[in-house]
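Report on the following structure.
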Amino acid sequence: SLHDALPIYVPDRREETLGVHFAALARLTAASGACLVITADCGIASAAELDRCRELGLDCLVTDHHLPSGPLPQAAAVIDPLQEGCAYPCKDLAGVGVAFKLAQALFQAVGLPSDRDRSLLDLVALGTIADMVPLTDENRALVWQGLSVLNQSPRPGIRALAECAGLRLGALTAVDLGVRLCPALNAAGRVDDRSLGYGLLSAGSAEEAEALAPLAVRRGHERQRLTEEAFSACRTRIEQAGSGPSEVLVVASLDSSQATVAGIVAGKLAAAYNLPALVLQVSAGVVRGTLRGTSALPVYDALRSCAGLLDQFGGHRQAAGFSTGEERLGDVVGQLRRHLALSRQTAHAAMTIRADAEVHARDIDWPLYDQLQVLEPHGVGNLRPLLLCRHMRVQEANRTAGDHLRLSLGRGSASISAIAYQHGDAARDLRRNQEVDLLFSLEQHDWDGECRLRLRVQHLSSDGTAAW
């Protein structure tokens, strides 16, 4: 098979960040005798590294979806919808989507059947959701078709991983992939086994896949523990430092042992504070920064305004990274804050939360859930509809492990459960039979073999003053 014939290189997240590394290509070439390197989801900001490939006798073919941050690599071909002059209409393709376009062109060039690319759509769906690009336009179509492949004829690795994760094959959704499968596939590279995810996806038999899937799930749990520890430590330091109402950027630091989860922690901080977040790691005088933005305040333009202070940078609107000298860090953070403050002045209206529809408690049922399912797949850029229901009656309110709020809500003589992640503190302010207004999405929750309808609460108001 192709994956047996070609050497595959998965970079080490701890040692090789921000694009392509010449030393890695040199080792790979020496070991395999390769004469062509194809990048996936990287390379557009690695012109200096890739231009040196001629020293190795290597041609380069770059596939990437990040914004160019300087001159393009001198490669045999550069495929990136965001490069200047590219007329491809969908500018939000994930890294896997761009690689898929190359595969489609190759299939066509060698005369393979036009439907051959369908066999890759499950991988395209996984990678598109994992990359957290907007699920709109072509991405929406690719994920929709990929979910069909995943549910109808899953490859051995996906089948084994889904079964290990307790998911029902045949009914997988984009949310299932984003919450359960993608993190497990990603986790190995963030913990200690960067090739595990690739091995699982390329497994040729059920036996091979079933041996790897439990390990991937365990690595996922390890990554989750590492992430929660790092996130909790960052939040504690941020709260201790305090911040004023004019703050536009949350800044935190991680030690070297937590470097592989910097992006996840930055994303969680941005969500928790509804502000762009910067996570830093410092080693031997070199600072590596990971930025995550919000829907109202993207971060790439702010980072690009710091270009003269950076050694290297890259990314896209909502996610970016850079490296710089420790002595320049203060200037970088200051410039980021200035740029974001100007951006916030024009983005204030966009930060207002609005419900997509208001419903009565009696309308929250399975038929409503089924109607909303036609809007799948949900994810970045196509979020689950936010529903507003007023005067819901609290029957129980409990704080759970992980600082979540679990609710039982009355609706006539019946009740429905709800979960509000990272809102555990609210339990102490709620009492039995108290009325609350909720902004939520509807989800299917499988627990102990039973499928139930549940509210996933985004915002809660107990005083009736929220203007949703």
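Everything numeric here is computed off the predicted structure, so don't read it as measured data. Throughout, numbering of the chain's residues begins at 1 and tracks the sequence. What you see below is based on every heavy atom in this structure, not just the backbone, and it leaves out hydrogens, waters and symmetry mates.
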Rounded distance [0.5 Å steps], CG in Leu106 versus NZ in Lys101: 13.0 Å
Please determine if Glu229 and Arg225 form a salt bridge, counting it only when a charged side-chain N lies under 4.0 Å from a carboxylate O. yes
Is there a side-chain contact between Leu249 and Leu291 (heavy atoms, below 4.5 Å)? yes
Give a yes or no on whether the backbone of Ala302 and the side-chain of Ser305 come within a donor-acceptor separation of less than 3.5 Å. yes
Applying salt bridge (Lys or Arg N to Asp or Glu O under 4.0 Å), name anything that partners Asp370, two or more places apart in sequence or on another chain. none
Main chain of Arg140, side chain of Asp137: is a donor-acceptor contact present, judged purely on distance under 3.5 Å? no
Taking ring-ring contact (aromatic ring centres under 6.0 Å, His included) as the cut-off, I'd like each qualifying pair that reaches into residues 421-440, sequence neighbours left out, listed once. His404-Tyr421
In terms of heavy-atom contacts, Asp356 and Arg384 come closest through OD2-O, 4.4 Å
Salt bridge (Lys or Arg N to Asp or Glu O under 4.0 Å) partners for Asp403, two or more places apart: Arg399
side-chain contact (heavy atoms from CB on, under 4.5 Å) against Ser408, all qualifying residues, sequence neighbours excluded: Gln395, Glu396, Ser415
Would you check, one step at a time, whether the test side chain to side chain contact (heavy atoms under 4.5 Å, CB included) holds for Leu161 with Val217? CA-CA 7 Å; Leu161 186 58; Val217 171; 3.8 Å; yes
Check step by step if salt bridge (charged side-chain N to carboxylate O under 4.0 Å, His left out) holds for Glu247 and Arg344. CA-CA 10 Å; Glu247 185 59 87; Arg344 186 165 71 173; over 6 Å; no
Between Leu387 and Ser441, does a side chain to side chain contact (heavy atoms under 4.5 Å, CB included) hold up when you go through it step by step? CA-CA 6 Å; Leu387 306 177; Ser441 58; over 6 Å; no
Please determine if Arg235 forms a cation-pi arrangement with Tyr273, meaning its NZ or CZ atom is less than 6.0 Å from the six-membered ring centre and no more than 45° off the ring axis. yes
For side chain to side chain donor-acceptor pair (under 3.5 Å), just list the numbers for Arg338 and Gln335, CA-CA rounded to whole Å, side-chain angles, deciding distance to a tenth of an Å, and then say yes or no. CA-CA 5 Å; Arg338 285 190 291 274; Gln335 174 57 26; 3.3 Å; yes
Under the side chain to side chain contact (heavy atoms under 4.5 Å, CB included) criterion, do Leu150 and Gln145 qualify, and how do the steps go? CA-CA 9 Å; Leu150 274 165; Gln145 295 177 66; over 6 Å; no
Ser323 side chain vs Arg288 backbone, donor-acceptor pair below 3.5 Å: no
Gap separating the CZ atom of Arg456 from the CG atom of Leu438, nearest 0.5 angstrom: 15.0 Å
Looking at side-chain heavy atoms only, is the closest gap between Leu442 and Leu455 below 4.5 Å? yes
Taking the side chain as every heavy atom from C-beta outward, state whether Val143 and Val124 have any atom pair closer than 4.5 Å. no
Measure the shortest side-chain to side-chain distance between Asp41 and Asp64 over non-hydrogen atoms and say whether it is less than 4.5 angstrom. yes
Do Asn151 side-chain atoms and Leu172 backbone N/O form a donor-acceptor pair below 3.5 Å? yes
Are Ser343 and Asp301 side-chain neighbours, meaning at least one heavy-atom pair lies under 4.5 Å? no
Okay, side chain of Thr128, backbone of Ala125: is any donor-acceptor separation there less than 3.5 Å? no
Considering residues at least two apart in sequence or located in another chain, which fulfil the side-chain contact (heavy atoms from CB on, under 4.5 Å) criterion with Pro68? Ile44, Leu72, Leu82, Gln83
If every non-hydrogen atom of Met392 is compared with every non-hydrogen atom of Ala361, which pair is closest and at what distance? SD-CB, 3.6 Å
Would you say that Thr290 contacts Leu278 through its side chain, given a criterion of any heavy-atom pair below 4.5 Å between the two side chains? no
Nearest-0.5 Å distance that lies between atom CG in Leu303 and atom NE2 in His316: 12.5 Å
When every non-hydrogen atom of Val96 is compared with those of Leu123, the smallest separation belongs to CG2-O, 3.9 Å
Rounded to the nearest 0.5 Å, what's the gap from CD on Gln434 to CZ on Arg393? Could you check? 12.5 Å
Would you call His360 and His391 a side-chain contact if the rule is heavy atoms closer than 4.5 Å? no
The residue among Asp92, Asp80, Asp131 that forms side chain to side chain donor-acceptor pair (under 3.5 Å) with His65 is Asp131
Could you please spell out the steps behind the salt bridge (charged side-chain N to carboxylate O under 4.0 Å, His left out) verdict for Glu239 and Arg237? CA-CA 6 Å; Glu239 300 296 339; Arg237 289 193 290 268; over 6 Å; no
Gln444 and Tyr369 have their tightest heavy-atom pair at CB-OH, 3.4 Å
OG-CZ distance between Ser462 and Arg431, expressed to the nearest 0.5 angstrom: 8.0 Å
Looking only at non-hydrogen atoms, find the nearest pair between Pro156 and Ser205 and report the distance. CB-O, 3.6 Å
Are any non-hydrogen side-chain atoms of Val299 and Arg317 less than 4.5 angstrom apart? no
Going by the side chain to side chain donor-acceptor pair (under 3.5 Å) test, which pairs reach into residues 153-179, not counting sequence neighbours? Asp122-Arg155, Thr173-Asp176
Counting heavy atoms not belonging to Glu435, are there more than 12 under 6.0 Å from its CD? yes
Side chain to side chain contact (heavy atoms under 4.5 Å, CB included) between Thr227 and Gln224: does it pass, once the steps are laid out? CA-CA 5 Å; Thr227 300; Gln224 188 175 33; 5.7 Å; no
Heavy-atom pair of closest approach, residues Gly267 and Arg292: N-CG, 3.5 Å
Between CH2 on residue Trp366 and CG on residue Leu453, distance to nearest 0.5 Å: 5.0 Å
